[in-house]
There are 2 protein chains.
Amino acid sequence: MTKMDRMQGAQTLPLNTILAGDCIEQMAALPDACVDLIFADPPYNLQLKGELHRPDNSRVDAVDDDWDRFASFETYDQFTRAWLTEARRILKPDGAIWVIGSYHNVFRMGAALQDLGYWILNDVVWRKSNPMPNFRGKRFTNAHETLIWASKSEGARYTFNYEALKAMNEGIQMRSDWVLPICTGGERLKTDSGEKAHPTQKPVSLLHRVLVGCSKPGDVILDPFFGTGTTGAVAKALGRDWIGIERDPGYREVAEARIGKVRKFDKAALEVTRAKRAEPRVPFGTLVERGMLQPGETLVSATGKSARVRADGTLIGLDVSGSIHQVGAALEGAPSCNGWTYWHFVKDGQRVPIDVLRQQIRAEMHAAR
Amino acid sequence: MTKMDRMQGAQTLPLNTILAGDCIEQMAALPDACVDLIFADPPYNLQLKGELHRPDNSRVDAVDDDWDRFASFETYDQFTRAWLTEARRILKPDGAIWVIGSYHNVFRMGAALQDLGYWILNDVVWRKSNPMPNFRGKRFTNAHETLIWASKSEGARYTFNYEALKAMNEGIQMRSDWVLPICTGGERLKTDSGEKAHPTQKPVSLLHRVLVGCSKPGDVILDPFFGTGTTGAVAKALGRDWIGIERDPGYREVAEARIGKVRKFDKAALEVTRAKRAEPRVPFGTLVERGMLQPGETLVSATGKSARVRADGTLIGLDVSGSIHQVGAALEGAPSCNGWTYWHFVKDGQRVPIDVLRQQIRAEMHAAR
DNA sequence: AAACTGGATGAATCACCAC
DNA sequence: AGTGGTGATTCATCCAGTT
């Protein structure tokens, strides 16, 4: 792309503004092949039924906004295919799209992307370091969301800043799973009355990684579900042009104010994004799952006690069952016990502390970082 | 389910065998509602174009077997919907399914599951601790695969061993992202000539977590894409019955030999941490009947509320009377309240939760059994 | 001042049995 | 099948207020 092209585009495109209205209609008013990258965080169609309370009886503030309600999967699919069709038309031939969703909607979006001729490059998992737990103990903690990265078509020469991402990841190739905290604290935009300005504000760190990895300075980034404008804020800071589309006047107002305060190349703000990296916790159950220890196998202590391993990674001794720490403490009559050093397995007649197995797993995890 | 039902099922179902042939035809020959859990690892529809080479020019041994090739998304969808339809028919009403895939096929499977009436419970990310790097540096390291866990229909009472999974994870509830290594080393089955026996053999650890978490001893587990039989091997070790379906005689042979060598873990090892919900119900009135609490006695809460015990096992407070739960909820203005943990009696100046008395009764019931 | 404590909160498809 | 009663259930983080 020459400088001249960019100048012409800049004259006709509503750069660095928020378009008011429905995203399909607003995209329809844009010319063909004018956008380098699209980031889209559409309604998830959560289909929540009743209220949910935490064990302390406080009420969970659910996403029950009108914009997230659809009559059926069919209705949702029609909506999805309509906006993805317009999005593809306005993408440049070597442009790309990122979409984000949860299991409620992401499978439908992925299938639609493929059907419409997009070419999926990766799916990326945003592993939340601090998700909301499953309060009723009925399912796994819903601890991630899924992003899909796709080019406009097969064979397109999409932008991928491999070295920048590798540098961002301490010299190791960036993987398809990203550990990032959810948007809380000072980053979370509030109304004057102290409520959250938007129920699903995405963290700056997520957009930072997407835009650093998959766009260049001067690129045009479009977000058809702009909300409170995280995409615009990060694009501005990184020296990209942006176009937002948002229906809700309240969200637009918050986004305008927010982006107005952003300074270009504000490196200090971007450094906040790094996720903390502590020594990984290795549950004892992992050793059992991986077959390093067998259910039924006997562990022994230096004091001559013994217990047997169960399939769920608990131990069972005489009259007691529970974690390696609990059973160790009970057998010794002690208030607490470090099961990792207390318990040993027997190999070739030798007692080996189970902590040796934990070290092996930690070594693997470290290599995979 | 009674013992008799299980015996009848055992007589008609081809338990603990590998059925030879196409999975749709073989499932069609099974009766309605006969299976507790399905684990399915279908062809991924990978669509690899040419050969892939590492930086040192060695060739990557990719999945390019015939069974993994489909002419188009339409063909793949037809196949997917056909086998998922049969799978749903043979599932018991409270049964569930796990499917695994990558971005090539998982979006199509997820949408099909929803369209066919399955109810998605979680999507789970298998985060590989040792994935193959992206040799060309054109994309993110493809470091995960996606599993979908779904019940047969909305509202079904699926099996979820919450406490066992929590125990397996050092006392913290299990999340939707699982870090597990890929299947390598001694676990990876080889042919006589030393090649991989199957291109996509799944690790035992993955199936262990699925089966410990979502099935019970004695359940019937079906795997319609059996391959080298990881599902059968883990099911046998965990004391579950299994049915495999596999087209390829070579894979069947490897699987048979493999499963023949597996030993079932003993009964004590298969016992898993039990949920409190499984404990017998004790009416509060029993404590009064047995004289553990006296009619007229005052109970107190940690929040400073109080109420008095009546002879019929109800409480009476200011303006309210009813069960321990109802009075607690009313006094707190809460939607619900667990009276067992909310109310305390006073002994030697100390507040003691009435749940302690319930535990005494349960211990007696246990001893008398 | 630094450390500690209590409260709040986040895209959530979050019981089950007896009558 | 619908209703009502019992009673089981949470992790990481940030902030405000206190020691």
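Naming: A, B, ... by sequence-line order, numbering from 1 per chain.
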Touch check for B/I172, heavy atoms < 4.0 angstrom, all strands: base, sugar-phosphate only, or nothing? sugar-phosphate
Kindly say if A/K128 contacts the phosphate of D/dA12, meaning a side-chain N or O under 4.0 Å from OP1 or OP2. no
So, is A/N142 near the phosphate of C/dA12, with a side-chain N or O under 4.0 Å from OP1 or OP2? no
Establish, with yes or no, whether the OP1 or OP2 oxygen of C/dG10 is under 4.0 angstrom from a side-chain nitrogen or oxygen of A/N130. no
Between C/dA12 and D/dT6 - C1' atom distance, rounded Å: 24 Å
Under 3.5 Å, is there a donor-acceptor pair between the B/D123 and A/H144 side chains? yes
Take B/G339 and B/K166, find for each the nucleotide of DNA chain D with the closest heavy atom, and name the residue whose nucleotide sits nearer the 5' end. B/G339
Quick one: is B/R157 getting a side-chain N or O under 4.0 Å of the C/dC17 phosphate, OP1 or OP2? yes
Hunt down the Watson-Crick or G-U wobble partner of C/dG7, both distances under 3.5 Å, from any strand shown, or write none. D/dC14
Scan B/S323 against the nucleic acid and name what it touches under 4.0 Å (heavy atoms): base, sugar-phosphate only, or nothing. sugar-phosphate
Classify the nucleic acid contact of A/G101 as base, sugar-phosphate or nothing, counting any heavy atom under 4.0 Å across all strands shown. nothing
Base, sugar-phosphate, or nothing: which does A/K49 touch, judged by heavy atoms less than 4.0 Å apart? nothing
Quick one: is D/dT10 close enough that its OP1 or OP2 comes under 4.0 Å of any side-chain N or O from B/Y162? yes
At under 4.0 Å, does any side-chain N or O of B/H325 touch on OP1 or OP2 of D/dG5? no
Using a cut-off of 4.0 Å on non-hydrogen atoms, how would the nucleic acid contact of A/N45 be classed: base, sugar-phosphate, or nothing? nothing
Can the positive tip of A/R252 be found less than 6.0 Å from the middle of the six-membered ring of A/F226, inside 45° of the ring normal? no
Donor-acceptor side-chain pairing of A/R258 and A/T230 below 3.5 angstrom: yes
Can a side chain N or O of A/K138 be found less than 4.0 Å away from OP1 or OP2 on C/dC16? yes
Without hydrogens or angle criteria, can the side chains of B/S176 and B/N122 be said to hold a donor-acceptor pair below 3.5 Å? no
Is the phosphate of C/dA11, meaning OP1 or OP2, less than 4.0 Å from a side-chain N or O of A/R188? yes
Within 45° of the axis and under 6.0 Å from the centre of the six-membered ring of B/W178, does NZ or CZ of B/R209 qualify? yes
OP1 or OP2 of C/dA12 less than 4.0 angstrom from a side-chain nitrogen or oxygen of A/R139, does that happen here? no
P gap between D/dG4 and C/dT13, integer Å: 28 Å
Report the residue (B/Q114 or A/D61) whose heavy-atom-nearest nucleotide on DNA chain C is the more 5′ of the two. A/D61
When you compare the ring of B/W119 with the six-membered ring of C/dT13's base, are the centres less than 5.5 Å apart and the planes under 30° from each other? yes
Pair assignment for D/dG5, Watson-Crick or G-U wobble, requiring both distances under 3.5 Å: C/dC16
B/W98 and ring-ring contact (aromatic ring centres under 6.0 Å, His included): which partner among B/F39, B/W149, B/Y118? B/W149
I want to check one thing: is the phosphate of D/dA8, taken as OP1 and OP2, less than 4.0 Å away from some side-chain N or O of B/R277? no
Is B/E154 touching bases, backbone alone, or none of the nucleic acid, heavy atoms closer than 4.0 Å? nothing
Short side-chain N/O contact from A/R59 to OP1 or OP2 of C/dG10, under 4.0 Å: no
